[in-house]
Every structure is written in C-alpha cells, then in structure tokens.
Amino acid sequence: GAFALHTPATMASLKQMYTPLRAVSGSRAMSTSQGLMRKRFEEILPEKAKEVADVKTKYGDKVLGECTVAQAYGGMRSVKSMVYETSVLDSNEGIRFRGKTIPECQELLPKAPGGEEPIPEGILWLLLTGEIPTQAETDSVTADLHAHSALPEHVVPLLKSLPKDMHPMTQFSIGVMAAQTDSKFSAAYRDGVHKSTYWQYAFDDMLSVIARLPTIAATIYNHTYKGGAPIRYDNTLDWAANYAQMMGHKEDLFLELMRLYMVIHCDHEGGNVSAHTSHLVGSALSDPYLAVSAALNGLAGPLHGLANQEVLRWLVSFRKKLGSQEVTKEAVSAAVWDTLNSGQVVPGYGHAVLRKTDPRYECQRQFALKHIHHDEYVKLVSVLYEVVPDILTKHGKTKNPWPNVDAHSGVLLQHFGLVEEDYYTVMFGVSRAMGVLPQYVWSRALGFPLERPKSMSTEGIKKMFENK
C-alpha cells in the first residue's frame with residue numbers, strides 16, 4: 001500500500017513549504033537545542049562519566065590485546081586501541097547499534113506513518129543515548145533538525161560555482177567545510193569556555209551538520225546532474241524523506257528505501273576509515289564540521305565508501321558479458337569463474353571484519369525481494385548471492401566469501417531512477433555523519449584526549465628484534 005508522506009500531528013507547527021532561497025540560505029530560526037534528546041543526554045551523562053572513570057580506575061593497567069609486526073604493516077587490523085561507544089561490529093553476527101541488530105532496529109524504532117522502515121531520527125537517538133526512542137521523542141529530533149537546517153548564505157553559491165565534472169564527493173567535502181563558518185564549537189573554543197562544557201557546543205554542531213547535509217547533498221545532485229533544478233525544503237517530512245524529495249524523488253516506496261538506506265549506513269564501529277578519521281580529527285578539538293569533512297575524504301576512497309559505485313559498474317558490465325543468455329545459476333557461475341580466472345575480483349564480496357553475510361546486505365535483499373523482485377538486476381544480484389560464496393570458497397583466496405552492503409545498494413537506487421553512481425557515496429556520507437557525530441559528542445563530554453599512537457620505522461622494528 002501507499003506510505004503516508006507526513007510525520008504525525010506533533011509536527012503540525014512545521015508545515016511551511018520553503019522556497020528554494022529560504023531552503024538553502026534562509027532565516028529559519030536556529031534552535032537552542034533544548035530538545036528532548038539533549039535533555040536526555042544531559043540526564044544520562046553523569047552516570048556514563050562515572051562508569052568510564054570506574055573502568056579506567058579498576059582496569060586501567062589491564063592489557064586489551066597485542067599488536068604484532070604483521071598487524072603494524074597490515075593496516076592495524078583487529079588491534080584493540082580505541083573506545084567507540086555507538087556501535088560494535090562482530091565478525092560473525094555483524095553490526096549492532098548500541099546492542100541492537102539491524103532486524104531489531106527495523107522492528108523497534110519508530111516509523112513514518114503507514115511506513116515499515118525506521119526513520120533515521122530514531123537511530124540518532126539510539127546511538128546518542130543507547131535507548132529506543134518513543135514516537136514523540138523521534139518527532140522531537142525531526143523538529144530539532146528542521147530548526148537547524150538553514151545554511152550560511154555563501155554555501156549554495158559556492159557549490160553552484162564548482163565544475164560539474166568535479167567528483168560529487170569532492171564537492172560534498174567542500175560544502176561541509178564551507179558551512180563551518182558558524183560552528184558553535186569553534187566559536188566557543190575561541191571564547192575560552194570551560195572544557196566541561198565542550199559537549200554542549202558539540203551537540204549544537206552535531207544537529208546543525210546532520211540537518212544541513214541533505215540540502216548540501218541535494219544541491220550537489222541537482223547542480224551536477226539536473227541542470228540546477230531548484231531545491232524546495234519540506235519540513236513536513238522526516239529527515240530522509242525530505243532529502244529524497246529535494247532530489248526530485250517523491251515516490252512513497254523510494255522514501256521508505258531512503259529511510260532504510262540512511263539507517264543501515266550510519267555507523268559500522270569505530271575502526272573503519274571514515275569513523276576513525278572523524279574520531280582522530282575530533283580528538284584535536286577540530287569542530288564537527290572539520291571532523292565530518294575529513295571523514296568524507298576517507299569515505300571517498302575506493303577501498304571504503306566508493307566501493308558501492310564500483311559494484312554497480314561491475315554488475316552492468318557483467319550483465320553485458322552474459323549477453324542474451326538467461327540469468328541462470330549455470331550461466332552466472334561460468335561467467336564468475338571466467339572473471340576470477342582472468343585475475344579480476346568479484347566486487348561487493350568480502351569484508352575486512354565480517355565472516356558472514358553482511359546484515360546490511362540482507363535487509364536490502366529482503367526489501368528488494370518484497371517490493372521489486374521483478375527487476376532485472378535484482379534477479380542478477382539474487383543469483384550471484386546463490387553461487388558466488390561457493391565459488392569463492394572453492395577458489396580459496398577469500399577469507400570471507402559472503403556479500404557486503406555494497407553488493408546490493410546500487411541496484412536498489414538504479415531501480416528508482418537514481419542512476420548517477422558517482423553520487424552514491426554522497427548518500428553514504430550523509431548517513432555516516434549520523435553515526436560518527438554522536439560519538440564526537442560523547443568524546444567531548446567524557447574528555448577524551450588527543451589521539452596519538454606510537455609509530456615505528458622498519459629500521460626500528462629490526463633493531464627491536466635482531467640479536468634476541
């Protein structure tokens with residue numbers, strides 16, 4: 001059935017449709033952030049601070065693990081050396097957001113009226129507080145984000161001045177940096193506020209960054225691909241649905257997909273490139289805009305967020321290889337073996353940590369099978385899922401033969417007409433900010449220090465172990 005486009009009546013006061021000008025640079029009143037989420041954070045902060053202090057006192061001299069020479073050269077894989085509260089990635093069961101699996105989040109988090117997928121405002125509350133919010137609490141987050149969404153007036157003209165052939169992720173990083181001019185955290189630090197209050201200004205910036213990203217991202221999309229189509233900000237919608245409609249996508253089912261996409265891409269433990277980058281940069285007391293922009297630059301790498309567009313391009317090329325053949329297990333298996341035997345890889349399979357099917361893949365697969373199972377590429381992805389893990393296992397060169405999140409997301413977006421694959425990582429980045437910024441707030445609230453691991457040279461390693 002159709003999904004309603006509007007949030008509940010508690011949002012009735014926010015039902016003005018903004019013109020393009022006001023949507024991107026207007027005078028929407030900036031909230032003082034005295035919303036329910038901030039109040040709840042302030043309530044739980046003392047207990048959490050005491051817990052961390054007790055852990056440091058009781059276990060401060062205990063050893064979490066070790067770092068071998070191979071790990072030092074190998075990207076520090078599995079080295080336990082940072083604290084990140086919002087999510088934990090288990091190699092066998094996948095991601096848990098504050099202890100909750102993706103299916104549990106889909107079941108427990110509030111939905112849009114008539115919808116079936118959780119809205120991202122609920123996951124933001126969960127990541128920040130560790131608690132499942134009520135519908136009213138989730139609506140309050142939506143209201144807070146709308147109140148923080150107006151961009152500084154110079155941002156959109158700057159974005160529209162950028163070359164259209166500049167990669168959207170480069171534009172995105174520039175746009176976030178440009179919006180940093182009214183960072184509350186940066187201004188407060190310059191004013192010499194006490195460090196015990198840092199979190200308050202970080203909280204304001206968290207809301208502003210998350211609130212502004214959809215307008216920045218939609219401006220990039222429309223400028224680069226749609227001839228500069230005007231942005232109309234609609235604050236009768238939840239955060240993800242408003243982002244979708246600013247790009248010109250108003251189909252009810254696509255709004256549901258956008259909600260799901262934003263939830264499942266938001267966080268993936270602290271050691272991945274984008275999360276770790278934001279954590280590292282934030283530890284220098286760079287404000288949330290600078291931390292998120294740095295995270296986006298990491299996300300733009302082909303070994304991280306850029307992988308989703310590479311998977312889609314591979315699927316299109318793979319389908320062409322099949323030619324007029326029907327997409328059967330036999331035909332796909334033969335083509336996959338040809339790919340591997342020619343020295344190429346099957347993108348979208350394998351993960352640095354996971355050793356099973358990525359739950360983020362599985363929930364997208366279920367969405368596709370339920371709603372768009374007749375799509376040609378959905379069928380191809382389904383057959384690949386049936387044959388590739390076994391082939392990769394027999395091939396013997398992959399520790400994890402199972403699909404990751406990137407193996408499915410592009411196909412879903414293509415189905416709904418969002419075909420500009422260079423843009424997909426921007427959407428990933430909009431979501432990822434909702435994961436890394438709650439940790440930024442906690443890091444400032446708990447007084448986390450500057451991150452400064454010890455590095456070694458090859459010569460130093462040799463001296464350390466030779467003649468022993």
Side-chain angles (χ1 to χ4, degrees), residues 75-110 117-133 210 240 257-279 295 298-299 303-305 307-308 311 348-368 385 389 399-410 412 424-425 427-440 442:
M76 298 185 289
R77 294 287 174 88
S78 303
V79 176
K80 298 174 182 177
S81 59
M82 65 183 294
V83 175
Y84 194 86
E85 303 284 9
T86 52
S87 64
V88 173
L89 180 60
D90 182 89
S91 61
N92 291 312
E93 67 175 19
I95 192 66
R96 282 183 177 266
F97 302 118
R98 290 290 190 168
K100 299 290 188 291
T101 64
I102 286 178
E104 287 171 339
C105 287
Q106 288 179 286
E107 176 188 354
L108 298 172
L109 291 174
E117 300 298 343
I119 63 173
E121 290 89 329
I123 199 82
L124 177 58
W125 182 291
L126 173 63
L127 293 176
L128 192 73
T129 68
E131 300 168 349
I132 296 291
I210 293 172
L257 174 61
M258 183 68 89
R259 294 174 182 122
L260 176 64
Y261 186 100
M262 291 292 136
V263 166
I264 66 174
H265 286 82
C266 70
D267 209 29
H268 215 228
E269 201 178 76
N272 67 75
V273 170
S274 54
H276 189 194
T277 299
S278 70
H279 194 66
L299 192 68
L303 296 184
H304 192 15
N308 55 10
V311 170
Y349 282 75
H351 190 273
V353 177
L354 283 171
R355 294 296 176 263
K356 60 166 281 185
T357 298
D358 190 334
R360 300 172 300 172
Y361 171 93
E362 184 59 34
C363 70
Q364 291 182 102
R365 170 177 161 83
Q366 294 305 320
F367 185 97
Y385 181 53
K399 291 182 179 179
N400 171 24
W402 303 103
N404 60 51
V405 65
D406 299 314
H408 215 310
S409 56
L412 290 170
Y424 292 170
T425 313
M427 298 173 63
F428 195 160
V430 172
S431 171
R432 182 50 54 93
M434 192 166 269
V436 302
L437 285 176
Q439 179 58 49
Y440 183 104
W442 273 112

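Note that the coordinates shown come from a computational prediction; the quantities given were computed from them, not determined experimentally.
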Check your understanding: What are the two closest heavy atoms between Thr357 and Tyr385, and how far apart are they?
Key -> OG1-OH, 3.4 Å

Check your understanding: Do the side chains of Val263 and Glu117 get nearer than 4.5 Å, heavy atoms only?
Key -> no

**Study point:** Test item: Trp442 side-chain N/O and Leu128 main-chain N/O as donor-acceptor pair under 3.5 Å
**Key:** yes

Review point. Is there a side-chain contact between Thr86 and Arg98, using heavy atoms and a 4.5 Å cut-off?
Key: yes

Review point. Where is the tightest heavy-atom contact between Gly298 and Val273, given as atom of each residue plus distance?
Key: CA-CG1, 3.7 Å

Revision key, fill the gap. Cys266 and Ile123 have their tightest heavy-atom pair at SG-CG1, 3.9 Å

Exercise for review: Look up atom CG in Leu89 and atom CZ in Phe97, then write down how far apart they are to the nearest 0.5 Å.
Suggested key: 10.0 Å

Practice item. Mind checking the CE-CE spacing from Met434 to Met262? Nearest 0.5 Å is all I need. Key: 9.0 Å

Practice item. First locate atom CG of Leu257, then atom CG of Leu412, and finally report the distance between them rounded to the nearest 0.5 Å. Key: 5.5 Å

Check your understanding: side chain to side chain contact (heavy atoms under 4.5 Å, CB included) between Lys100 and Ile132: does it pass, once the steps are laid out?
Key -> CA-CA 10 Å; Lys100 299 290 188 291; Ile132 296 291; 4.2 Å; yes

Exercise for review: Could you grab the distance from atom CD of Gln106 to atom OG1 of Thr101, nearest 0.5 Å is fine?
Suggested key: 8.5 Å

Check your understanding: Is the backbone N or O of Val405 less than 3.5 Å from a side-chain atom of Gln364, with the two atoms forming a donor-acceptor pair by type?
Key -> yes

**Study point:** Distance in Å, His279 NE2 paired with Tyr84 OH, rounded so as to fall on 0.5 Å steps
**Key:** 8.5 Å

Study note, to complete from the structure: Of all heavy-atom pairs linking Ala368 and His408, the shortest is CB-CE1, 3.6 Å

Check your understanding: Less than 4.5 Å apart, any side-chain heavy atom of His265 and any of Met427?
Key -> no

Check your understanding: Mind checking whether Ser87 and His268 have side chains closer than 4.5 Å, heavy atoms only?
Key -> no

Review point. Where is the tightest heavy-atom contact between Leu109 and Pro133, given as atom of each residue plus distance?
Key: CD2-CD, 3.7 Å

Practice item. Flag the pair Leu260 / Gln366 as yes when at least one side-chain heavy-atom distance between them is below 4.5 Å, and no otherwise. Key: no

Practice item. Identify the two heavy atoms, one from Pro359 and one from Ile102, that lie closest to each other, and give their separation to 0.1 Å. Key: C-CD1, 4.0 Å

Check your understanding: CG of Leu299 to OG of Ser278: how many Å apart, nearest 0.5 Å?
Key -> 11.0 Å

Point to revise | Heavy-atom donor-acceptor pair, His304 side chain to Ser274 backbone, under 3.5 Å | key: yes

**Study point:** Side-chain donor-acceptor pair present, Glu85, Gln439, cut-off under 3.5 Å
**Key:** no

